[in-house]
Asker: 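The structure under discussion is supplied below as structure tokens; questions concerning it will follow.
Note that the coordinates shown come from a computational prediction; the quantities given were computed from them, not determined experimentally. These values consider heavy atoms only, across backbone and side chains, with no hydrogens, waters or symmetry-generated copies. So you know, we letter chains A, B, ... as the sequences are listed, proteins then strands, and number each from 1.
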2 protein chains.
Amino acid sequence: MSQPDMPTPPWERPRKRPAPTRVPLTRDRIVDAAFVVLDRDGYERLSMRQVAAELGVVVSALYVHVNNKDELLELMYNTLFDDVELPEPDPANWQDQVKDFARAGRRRLLAHRDMARVSMGHVPFTPELLPHVEKLLALFRAGGLPAPVMAIAGDLLSTYMEGFTMEESMWAERYREMDAGSWETIRDEIQKYFSSLPPDRFPNLVSIAELMVDESNDYRFELGLDIIIRGLASYAEKPEHPGHPGQQEKPAEPQT
Amino acid sequence: MSQPDMPTPPWERPRKRPAPTRVPLTRDRIVDAAFVVLDRDGYERLSMRQVAAELGVVVSALYVHVNNKDELLELMYNTLFDDVELPEPDPANWQDQVKDFARAGRRRLLAHRDMARVSMGHVPFTPELLPHVEKLLALFRAGGLPAPVMAIAGDLLSTYMEGFTMEESMWAERYREMDAGSWETIRDEIQKYFSSLPPDRFPNLVSIAELMVDESNDYRFELGLDIIIRGLASYAEKPEHPGHPGQQEKPAEPQT
DNA sequence: GCATCCATGTGAACAGTGTTCATAGAACCC
DNA sequence: GGGTTCTATGAACACTGTTCACATGGATGC
């Protein structure tokens, strides 16, 4: 139709969208656009129309590549552990390796706004995520955990990961909408609320109120991780390292 | 206007909605209706219009009593521990008492279809739920847990409760929509899927596949609970009962 | 070179959603 | 009886996910 080497005559109106610029729509591009919308507008406003608009395309075009919104969310969930390296299970270090796994998961969940809500209600049984589950189980096996414990340990760890980051991002979201002040402001608000409770009816809540402002989320996450690991280690059938028998019964010192 | 003791004359047509029958709309009635809709139609179809229809009322009528849908969901969440009794903390039995707390929570979450999804994303810091949180903390204190551990233990336990039941009801929902066969059918499907994985790349997943059909959800929940309790107990500063020192370091036998 | 085909993107439509608001109505107090 | 207050109504707005007949454009076959 148009000669590439010829200058376009002035009367010929330029096409609205120049042909060569028009990169074809793919699942990957849709997922990328969905992340852009998610990070900018949050989970509530993540709609098929917004994703389409981000790509400069009409809604129904998406449905050629994606069956429905749920499938798109699943594709997003599938990228959770992309480029997360999987270390060889080391029986002497399995506890730290499991912790690293959980830390990487949390980091990825916090990397995108509301990503925890996307992951919630999904199960890592896709070809992309199964290898990571397998690797986690290998760590448990290296630690000498009996099979039934292995079978529940994965759930336990991932529900903690997701639940904890979910709560984190919930507060972040709540802070975002009450635009006033900084993160410290809202934390003071929370602490003030707990401190204002009648101490005779809520002695423990009041006494813990201070901790909620003193301790960082990182510290709280690590502590919960330690609790889980200790519980798991107490089930280890054999010492996780030949040279250090019984270590799983006497874990690291409590971080009081 | 109308005399209560007089018989109604035959020419007086009855009102379309007899006046005394018309019970006034209240928050409680709205919440009850919402649960009816939730149990019948599930979380996805729980809409303000459906709730209104259940009450024989128009949508906008609800907004007189409830600010928005989120608030309605929060009211539903608030009923989670209604009529759950709170036992006095017994230092000798704190582990069982904590387990009972979690069991009650799971039972309540499973009592209504998709209730786990409603609870997800809410935080038990309402006047109705705070007493239960306080009681849980009292159990931890009775167990001699240091304050920082107490502060995270509640989150750990409730994320496990919610995450576990969430997964349970997810499978239940997936089973509901693929109407074919019984619960055993879908469990066989899952097991077949895991067994069909290449054993050289997924040795641990394949080896665990059998457990997923052999073990009941109840058993798996209890095992996860044990793991958490053991981890918590390992932080106890003093024996939870003067007469039984060291029990927290040697919990019950592993259920292998 | 031409015709055909197929997949990709279009625009309109459908059925539904949460939420708001002026209006009608009942109930209550003075 | 009159007036005020509160509740329920119906219509409307701006969205949502999803479907479908239609155009369009690039590759393929002849």
Asker: Looking at B/Phe221, I'd like to know if the NZ or CZ of B/Arg106 sits under 6.0 Å from its six-membered ring centre while staying within 45 degrees of the ring's axis.
Answerer: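 Checked: cation-pi criterion met.
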Asker: A/His122 versus A/Glu74: any side-chain heavy-atom pair under 4.5 Å?
Answerer: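 SC-SC contact between A/His122 and A/Glu74 confirmed.
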Asker: Within residues 66-77 of chain B, find the residues that approach DNA chain D with a heavy atom at under 4.0 Å, and present them sorted by residue number.
Answerer: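 The answer is none.
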Asker: Could you check whether B/Val57 gets within reach of a base, just the sugar-phosphate, or nothing at all, counting any heavy atom under 4.0 Å?
Answerer: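 Sugar-phosphate only.
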Asker: Is B/Lys135 salt-bridged to B/Glu85, going by a charged N under 4.0 Å from an acidic O?
Answerer: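 So B/Lys135 does not pair with B/Glu85 through a salt bridge.
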Asker: State whether the distance check finds a donor on one side and an acceptor on the other, under 3.5 Å, for side chain B/Arg49 versus base C/dG16.
Answerer: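 For B/Arg49, whose side chain was compared with the base of C/dG16, there is no donor-acceptor pair (under 3.5 Å).
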Asker: Just compare D/dC20, D/dT18, C/dT17 and give me whichever is closest to any side-chain atom of A/Ser60.
Answerer: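 Of all the options, the side chain of A/Ser60 is nearest to D/dC20.
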Asker: Side-chain N or O of B/His65 less than 4.0 angstrom from OP1 or OP2 on D/dA8?
Answerer: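 So the side-chain polar atoms of B/His65 do come within 4.0 Å of the phosphate oxygens OP1 or OP2 of D/dA8, strictly under.
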Asker: If I compare all heavy atoms of B/Met120 with all of A/Met120, which pair ends up nearest, and what's the gap?
Answerer: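 Where B/Met120 meets A/Met120 most closely, the heavy atoms are SD-SD, 2.9 Å.
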Asker: Is a salt bridge present between B/Asp100 and B/Arg103, judged by a nitrogen-to-oxygen distance below 4.0 Å?
Answerer: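 Between B/Arg103 and B/Asp100 there is a salt bridge, with a charged N closer than 4.0 Å to a carboxylate O.
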Asker: Is there a donor-acceptor contact under 3.5 Å from the side chain of B/Glu134 to the main chain of A/Leu205?
Answerer: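 Checking the backbone N and O of A/Leu205 against the side chain of B/Glu134, a donor-acceptor pair under 3.5 Å is found.
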Asker: Between B/Asp155 and A/Arg220 (salt bridge meaning N to carboxylate O under 4.0 Å), is one present in this structure?
Answerer: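 Yes, this pair counts.
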Asker: Mind calculating the distance between CG (B/Leu46) and C1' (C/dT17) to the nearest angstrom?
Answerer: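 After rounding, the reported distance stands at 12 Å.
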Asker: Can you tell me which stems DNA chain D forms, taking runs of 3 or more consecutive Watson-Crick or G-U pairs with both distances under 3.5 Å?
Answerer: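 Stem segments, range with range: C:1-30 with D:1-30.
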Asker: What is the distance, to the nearest angstrom, from the CG atom on A/Leu62 to the P atom on D/dT18?
Answerer: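 Distance, rounded to whole Å: 11 Å.
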Asker: Can you tell me which residue among B/Glu167, B/Glu168, B/Met161 is in a side-chain contact (heavy atoms from CB on, under 4.5 Å) with B/Thr165?
Answerer: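 Exactly one option meets the side-chain contact (heavy atoms from CB on, under 4.5 Å) with B/Thr165, and it is B/Glu168.
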Asker: Can you figure out which of C/dC21, C/dG18, D/dG17 approaches the side chain of B/Tyr63 most closely?
Answerer: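 The closest nucleotide is C/dG18.
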Asker: Starting at atom CG of B/Leu55, determine the distance to atom P of D/dT7, rounded to an integer number of angstrom.
Answerer: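 Interatomic distance, CG of B/Leu55 to P of D/dT7: 16 Å.
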Asker: Counting only side-chain N and O atoms of B/Ser47, is one of them less than 4.0 Å from OP1 or OP2 of C/dT17?
Answerer: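 Yes, because at least one side-chain N or O of B/Ser47 sits under 4.0 Å from OP1 or OP2 of C/dT17.
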Asker: More than 12 non-hydrogen atoms from neighbouring residues, nucleotides or ligands closer than 6.0 Å to CZ on A/Arg40, yes or no?
Answerer: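 Yes - once you tally the heavy atoms of other residues, nucleotides and ligands closer than 6.0 Å, there are more than 12.
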Asker: Would you say the ring centroid of B/Tyr193 lies under 6.0 angstrom from that of A/Phe125?
Answerer: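 For B/Tyr193 and A/Phe125, the ring centres are not under 6.0 Å apart.
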Asker: If you take any heavy atom closer than 4.0 Å to DNA chain D, which residues from residues 25-44 of chain B end up in contact?
Answerer: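 Those residues are B/Leu25.
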Asker: Does a side-chain N-to-carboxylate-O contact under 4.0 Å join B/Glu162 and B/Arg117?
Answerer: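 No.
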